[in-house]
Visitor: 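Sharing a structure, written as structure tokens. Questions coming.
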Amino acid sequence: MPLQIGIVGLPNVGKSTLFQAITKKQVDCANFPFCTIDPNVGVVEVPDERLAKLAEISKSGRIVPTAIEFVDIAGLVKGAAEGQGLGNAFLSHIRECDAIAQVLRAFQDEQVLHVDGTIDPLRDAETIGIELALADLESVTKHLANIERRLKGGVSKELQEEQSVFIRAKEILEQWKALREEDWSDEELHLMKSAALLTLKPMMYVVNVSEEQMQDGSWEKEIAPLRQKRDSRLVPICVKMEAELASLPEGDRDEYLKSIGQNASGLDRLIVEAYDLLGLITFLTSGEMETRAWTVVKGTKAPQAAGVIHSDFEKNFIRVEVTKWQDFVEYGGEARCREKGLVRIEGKEYVMQDGDVCYFRVG
């Protein structure tokens, strides 16, 4: 399944325009609240310049990049947890996402009204943070009630541990704090996993800036406090610029980016930050049939990486032959790398590294 990023934000901050630009998928971006009622989903390729280089060496018949999925969620408003606006209709879609991209508006435009009347990205971030915390508080309260019912049928150590974790979560959420900002053990996170809590999900703050703000960096001071939040990233994007970029032929995009002093599109920056935020890496396979990118979590061992390609590969794993992608390109493929001793033979305990070009041996 592709990595899924849920795009959220207050009405008229530019999130649907951003979605339209990065997926080239038309959505209704009318200038009024709640124009996005149903979630729009777009799957886009993850750009990776290594693939074309490997494919050229291997004379591959096709290139298959990994993918990322963006979900455009209806605009939130203050009071959503109590049913204001579209209420909690959006929550089920966010809960399914791996991370949240919260769009904050920093640009000024009198013709595009802000739901609160003024531009204040820190206030907007606080508003959405509170709404997500309130939604989680409701979920945690229900979960605790369920645990209490189960305890009446018999006390167990496991249930008591689960209850303790959710009591702590409830106390944090009652202060309108995000759970991701607290320290949790792997066991505690596992106990909370079934609740799909929103404030545990990694958060990216996508700051929608003007062209001038993008170039002079004036937005940074205003938004600086958000950099201190744990498990979060700050990504400045000029959504207007991204829309213009998306309308250009592919060959003209690099030239356009250079003309505005950028070396990567907003989509590229979002993907890089999303991968880093979620602790993901890419390994590669390359041959005459295809050159392909595969995504795994940092720390994944070779048999589990093989299982991403096919479940039988994990069960029947023998070894993996690994070449650094730079060596593969520099020396013209696996055969020459083998001659130079640059192909490593690794076993079941090998931890995958980003950019590994792999050939898995299975029984």
Visitor: Does a side-chain N-to-carboxylate-O contact under 4.0 Å join Arg50 and Asp354?
Guide: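 Yes.
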Visitor: Checking side chain to side chain contact (heavy atoms under 4.5 Å, CB included) between Tyr275 and each of Leu270, Ile281, Val46, which is the one that passes?
Guide: Val46
Visitor: Checking Arg336 against Glu339 for the salt bridge (charged side-chain N to carboxylate O under 4.0 Å, His left out) test, could you report, in this order, the C-alpha distance in whole Å, the side-chain angles of both residues, the deciding distance, and whether it holds?
Guide: CA-CA 5 Å; Arg336 288 293 307 280; Glu339 290 173 9; 3.6 Å; yes
Visitor: Test Ser218 against Asp216 for side chain to side chain donor-acceptor pair (under 3.5 Å), laying out the working first.
Guide: CA-CA 6 Å; Ser218 59; Asp216 64 23; 2.8 Å; yes
Visitor: Working to the nearest 0.5 angstrom, can you tell me the gap between Ser265 OG and Met241 CE?
Guide: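 If we round to the nearest 0.5 Å, Ser265:OG and Met241:CE are 11.5 Å apart.
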Visitor: If you count the non-hydrogen atoms of other residues, nucleotides and ligands that lie under 6.0 Å from CD in Gln4, is the total more than 12?
Guide: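 Yes, because the 6.0 Å sphere around CD of Gln4 holds more than 12 heavy atoms from other groups.
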Visitor: Is the shortest side-chain N to carboxylate O distance from Asp276 to Arg233 below 4.0 Å?
Guide: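 Salt bridge flag = yes for Arg233 with Asp276.
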Visitor: Please check if Val322 and Val308 belong to a single hydrophobic cluster, counting links between Ile, Leu, Val, Met, Phe, Trp and Tyr side chain heavy atoms closer than 4.5 Å.
Guide: yes
Visitor: Do Lys301 and Glu349 pass the salt bridge (charged side-chain N to carboxylate O under 4.0 Å, His left out) test, and can you show the C-alpha distance, the side-chain angles, and the key distance before you say yes or no?
Guide: CA-CA 6 Å; Lys301 294 185 177 180; Glu349 295 304 309; 2.5 Å; yes
Visitor: Between Ser139 and Arg95, is the side chain to side chain donor-acceptor pair (under 3.5 Å) condition met? List the steps.
Guide: CA-CA 12 Å; Ser139 296; Arg95 291 192 194 282; 3.1 Å; yes
Visitor: Other residues, nucleotides and ligands only: do more than 12 of their heavy atoms fall within 6.0 Å of CD on Glu56?
Guide: no
Visitor: Any side-chain donor paired with an acceptor under 3.5 Å for Thr291 and Arg62?
Guide: no
Visitor: Below 4.0 angstrom, N of the basic side chain to O of the carboxylate: do Lys152 and Glu148 qualify?
Guide: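 Glu148 and Lys152: not salt-bridged.
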Visitor: Would you please test Leu104 and Asn208 for side chain to side chain contact (heavy atoms under 4.5 Å, CB included) and show each step?
Guide: CA-CA 6 Å; Leu104 300 172; Asn208 187 4; over 6 Å; no
Visitor: Quick one: do Arg269 and Glu273 make a salt bridge, cutoff under 4.0 Å?
Guide: no
Visitor: Give the C-alpha distance, both sets of side-chain angles, the deciding distance and a yes or no for salt bridge (charged side-chain N to carboxylate O under 4.0 Å, His left out) between Glu96 and Lys201.
Guide: CA-CA 10 Å; Glu96 295 167 6; Lys201 294 183 183 296; over 6 Å; no
Visitor: Under 3.5 Å, is there a donor-acceptor pair linking the side chains of Glu244 and Tyr256?
Guide: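 There is such a pair (donor and acceptor under 3.5 Å, judged by atom type) between the side chains of Glu244 and Tyr256.
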Visitor: Any side-chain to backbone donor/acceptor pair from Ser210 onto Gln213? Under 3.5 Å, distance only.
Guide: yes
Visitor: Quick check: are there more than 12 heavy atoms from other residues, nucleotides or ligands sitting under 6.0 Å from NZ of Lys298?
Guide: yes
Visitor: Should the pair Lys177-Glu181 be classified as a salt bridge under the 4.0 Å nitrogen-to-oxygen rule?
Guide: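 Here Lys177 does not pair with Glu181 in a salt bridge, since their nearest N and O are not under 4.0 Å apart.
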Visitor: Phe166 vs His143 aromatic rings, parallel, tilted or perpendicular, using cut-offs 30° and 60°?
Guide: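 Plane angle under 30°, so parallel.
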Visitor: Donor-acceptor check, side chain of Thr282 to backbone of Thr295, threshold 3.5 angstrom: yes or no?
Guide: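 Not at all, since once roles are kept as given, no pair shorter than 3.5 Å links the two residues.
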Visitor: Working to the nearest 0.5 angstrom, can you tell me the gap between Gln102 CD and Leu226 CG?
Guide: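 Output value for this atom pair is 8.0 Å.
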Visitor: Going by an N to O cut-off under 4.0 Å, is there a salt bridge joining Glu321 and Arg361?
Guide: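 Counted as a salt bridge, because a side-chain N and a carboxylate O are separated by less than 4.0 Å.
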Visitor: Assess whether atom CD of Gln160 is packed by more than 12 heavy atoms of other residues, nucleotides or ligands within 6.0 Å.
Guide: yes
Visitor: If hydrophobic clusters are built by linking Ile, Leu, Val, Met, Phe, Trp and Tyr wherever their side-chain heavy atoms come under 4.5 Å apart, do Phe328 and Val343 end up in the same one?
Guide: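 Different clusters.
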Visitor: Heavy-atom distance under 4.5 Å between the side chains of Ile237 and Val209, does that happen here?
Guide: no
Visitor: Taking the six-membered ring of Phe107, is NZ or CZ of Arg105 closer than 6.0 Å to its centre and within 45° of its axis?
Guide: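 Judged by the rule (NZ or CZ under 6.0 Å from the ring centre, within 45° of its axis), Arg105 counts as positioned above Phe107.
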Visitor: Above 12 or not: heavy atoms from other molecules or residues under 6.0 Å from CH2 of Trp294?
Guide: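 Yes, enclosed.
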Visitor: For the hydrophobic clusters of this structure (ILVMFWY residues joined by side-chain heavy atoms under 4.5 Å, transitively), does one cluster hold both Val235 and Ile128?
Guide: yes
Visitor: How long is the straight-line distance from CG of Asp327 back to CG of Leu342, given to the nearest 0.5 Å?
Guide: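 CG of Asp327 is found 4.5 Å from CG of Leu342.
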